[in-house]
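All values reported here derive from a predicted model rather than from experimental measurement. Positions are given from 1, in the same order as the sequence printed here.
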Amino acid sequence: MTNNVAEKIKRLRKSKGFSQEEMAEKLHISQSAYARIETGESHSWAAHIEKLSEIFEIKPENFLSDETNNLEQENTDQKGGMAFQFVGTINTINSLSEKLIEQYEGRIEELKTQVKELKEEIKILKK
């Protein structure tokens, strides 16, 4: 999923004519941190979802949709009033939070396994 989001962010940046440096400045992060977002190496795009939505003029949920075309058109298809849009945004943020938690939990398990393996190697080397 992260790579899909990263690809969308990169495509949207290019369609708006922004450089990575300009995007980093808009998000108040370093250019290298922004580059990691576009390559999928970083999940920090979720922390900037509202600002990215504002910059690209799309709804936050469009970053997670499977459709890769016409993100700008999807944004113009506003359904309901502001209250419904606000609730939709909150639901999207909650969904993003849950997905990030799942990703981090998975990464934590990977790291725990690595630590366990390293401890076993240390025991072997000490013998």
Can you tell whether the side chains of Lys16 and Glu57 come within less than 4.0 Å, N to carboxylate O? yes
Output for pair (Lys8 NZ, Ser15 OG), nearest 0.5 Å, gives 13.0 Å
Any donor-acceptor pair under 3.5 Å from Arg36 side chain to Glu41 backbone = no
**Message:** Between the side chains of Lys10 and Glu7, is the shortest nitrogen-to-carboxylate-oxygen separation below 4.0 Å, so that they form an ion pair?
**Reply:** no
Output for pair (Lys119 NZ, Lys116 NZ), nearest 0.5 Å, gives 10.5 Å
Separation between CD (Glu22) and CD1 (Ile55), nearest 0.5 Å, reads 10.5 Å
side-chain contact (heavy atoms from CB on, under 4.5 Å) with Leu12: of Leu52, Ile58, Asn62, only one passes, and it is Ile58
Hits for salt bridge (charged side-chain N to carboxylate O under 4.0 Å, His left out) against Glu120, two or more places apart or cross-chain, chain-then-number order -> none
OH of Tyr34 to NZ of Lys26, rounded to nearest 0.5 Å, is 11.0 Å
- Could you please spell out the steps behind the side-chain contact (heavy atoms from CB on, under 4.5 Å) verdict for Thr113 and Glu110? CA-CA 5 Å; Thr113 302; Glu110 290 173 13; 5.8 Å; no
Separation between CH2 (Trp45) and CD1 (Ile29), nearest 0.5 Å, reads 13.5 Å
Near Glu25 CD, under 6.0 Å, is it more than 12 heavy atoms from other residues, nucleotides or ligands?
-> no
Here the gap from Lys14 atom NZ to Gln20 atom CD, rounded to the nearest 0.5 Å, amounts to 8.5 Å
